[in-house]
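Quick notes on the structure that follows.
The chain is numbered in sequence order, starting from 1. Atoms considered below: every heavy atom in the structure, side chains included; atoms not considered: hydrogens, waters and symmetry mates. Atoms within a ligand are numbered from 1 in the order they appear, just like the ligands themselves.
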Amino acid sequence: MPDSDGQPAWQRAALADTLESLRAAHLLRQRRTVAVVGAGPECLVAGAQLVNFSSNDYLGLAQHPRLREAFTEVARTHGVGSGGSHHITGHHAEHTRLEEVLAAYTHREAALLFSTGYMANLAISRVLVGPGARPGLSVPGTVVGDALNHASLIDSARLSGTTFGRYAHADATAAARLLAESTGPALLLTDGLFSMDGDLPPLRELAAVCAAREAWLAVDDAHGLGVLGATGRGVLEVAGLLGTPDAAPILMGTLGKAFGAFGAFIAGRRELVEVFRQRARTYIFTTALPPAVAAAARMGVTLALDEPERRQHLQALVDRFRYELTGLGLAGRLLPSTSPIQAIILGSAEAALAASAALQSRGLLVSAIRPPTVPAGSARLRITFSAAHTEAQLDRLLEALQAVLPSQLDTALPAGHAA
Ligand SMILES: Cc1ncc(COP(=O)(O)O)c(C=O)c1O
């Protein structure tokens with residue numbers, strides 16, 4: 001029976017049930033409309049000016065005048081849209097230039113642009129170990145992944161037509177066990193810097209495990225590139241694996257976080273990149289990035305290299321935050337991380353939401369992260385630092401946390417989350 005506005009009753013009921021179950025579990029997501037204020041990390045949300053401690057703009061480049069100039073210059077001469085997919089008419093000289101810069105930056109032979117990191121990740125499992133990955137392959141391939149991998153890596157495995165297993169977070173021995181039991185060609189997927197916990201995987205051990213099994217190792221360094229390592233080249237630099245391209249043969253990076261733009265890439269050996277160019281459905285069947293975005297991203301990579309003081313200031317903020325939080329007696333709720341991603345575990349979704357709302361009323365934008373983004377019982381405040389933050393803004397954050405957190409600490413932490 002249609003309702004008065006003509007919508008069939010079954011459709012209305014199906015949608016209402018879904019939304020109501022999310023509401024009842026405190027999992028209904030609300031998006032905010034954010035307007036950037038000036039060049040710093042401040043923004044306007046519903047008329048209130050907030051210091052943004054939730055963005056992934058780690059180096060403070062998203063508002064940089066030179067990225068804006070690079071973008072507008074190319075938009076003026078080449079227009080806005082790329083006009084097609086890379087294999088048809090969408091590939092422009094700006095894309096090639098950016099790919100060359102990214103290959104050099106990551107110390108890899110070649111790089112291939114994708115429109116988003118999600119799409120780059122989706123390609124990896126299917127291209128390397130999915131059905132048809134190699135001619136005549138009769139056994140289905142295997143993908144193993146860290147239990148805390150980003151959703152796009154999980155989807156990469158799930159949608160690839162392979163057998164998928166998850167190992168305990170950052171546990172190379174558990175990964176080796178899964179791989180030893182696996183059949184067919186194998187691939188191990190791991191975040192480089194875990195996006196919700198801020199910690200790193202044991203990359204050298206994982207590389208050794210993969211080498212022993214002849215399994216591919218793919219590292220998603222969306223959050224580490226530009227930020228971690230002596231020259232900011234990410235987790236491979238931290239692990240001493242920059243100079244050994246076959247130990248971590250697939251590196252995925254994004255351009256919408258530290259580099260201040262948008263898009264993503266895969267870097268590796270020339271033939272690896274060629275295989276993705278030929279076989280990745282999420283590369284072939286989609287519109288190429290706007291060339292102006294590629295130009296802005298190239299400027300972001302250039303500035304990340306040329307202005308190391310951004311990374312140094314960022315690290316100083318993170319170090320002071322952890323030191324002061326320990327002084328406030330809150331270290332037990334802080335996950336071990338020396339990266340710009342700092343998570344304070346509150347447990348329940350309600351507690352995380354209440355703390356986030358209280359911080360917002362004090363002029364601070366700090367996201368509450370809830371299941372299914374993180375495991376049940378580990379809802380948290382996720383604080384991200386940017387080189388654009390000032391010491392005074394950090395002072396405000398520390399004072400607010402001191403005032404707000406004690407009232408939210410009544411829930412017991414789930415096992416495995418006591419610091
Ligand atoms: C670890 C990780 N990988 C991949 C992605 C997806 O990248 P993109 O936003 O470019 O789709 C994200 C988040 O955006 C991420 O946090």
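- In this structure, CD1 in Ile344 is found 11.0 Å from CZ in Arg380, a value given to the nearest 0.5 Å.
- Of the inter-residue distances, the one linking Phe114 atom CZ with Thr254 atom OG1 reads 13.5 Å to the nearest 0.5 angstrom.
- Looking at atom 16 (O) of ligand 1, its nearest protein heavy atom turns out to be His223 NE2, 2.5 Å.
- Ligand 1 lies within reach of Lys257, whose nearest heavy atom is under 4.0 Å from it.
- Glu391 CD: more than 12 foreign heavy atoms inside a 6.0 Å radius.
- Considering backbone and side-chain N/O of Gly117, one or more are found under 3.5 Å from N/O of ligand 1.
- Counted within 6.0 Å of CZ on Arg32, heavy atoms from surrounding residues, nucleotides or ligands total more than 12; the atom is thus considered enclosed.
- Close contacts between ligand 1 and Thr254 involve ligand atoms 7 (O), 10 (O) [criterion: under 4.0 Å to a heavy atom].
- Contacts with ligand 1 closer than 4.0 Å are made by no heavy atom of Leu255, backbone or side chain.
- When each atom of ligand 1 is checked for a heavy atom of Asn121 under 4.0 Å away, the hits are 3 (N), 4 (C).
- Closest to atom 11 (O) of ligand 1, if we only count protein heavy atoms, is Tyr118 N, 2.9 Å.
- Note that the CG atom of Leu397 and the NE2 atom of His389 stand 8.0 Å from one another [nearest 0.5 Å].
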Take Phe53 and Phe385 through the test ring-ring contact (aromatic ring centres under 6.0 Å, His included) and record every step on the way to the result.
-> CA-CA 6 Å; Phe53 282 101; Phe385 287 97; 5.7 Å; yes
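- Judged purely by distance below 3.5 Å, without hydrogens or angles, the side chains of Thr33 and Arg31 never pair a donor atom with an acceptor atom.
- Here the shortest heavy-atom distance to atom 1 (C) of ligand 1, taken over Asp220, Thr190, Leu193, belongs to Asp220.
- Residue contacts with ligand 1, taken as heavy atom pairs separated by less than 4.0 Å, involve Asp191 solely via side-chain atoms from C-beta onward.
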Which is it for Tyr283 and Val127 under the side chain to side chain contact (heavy atoms under 4.5 Å, CB included) test, yes or no, and what are the steps along the way?
-> CA-CA 11 Å; Tyr283 178 79; Val127 165; over 6 Å; no
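- Counting protein heavy atoms only, atom 5 (C) of ligand 1 is closest to His150 CE1, 3.5 Å.
- Residue contacts with ligand 1: Ala264 is excluded, as none of its non-hydrogen atoms falls under 4.0 Å.
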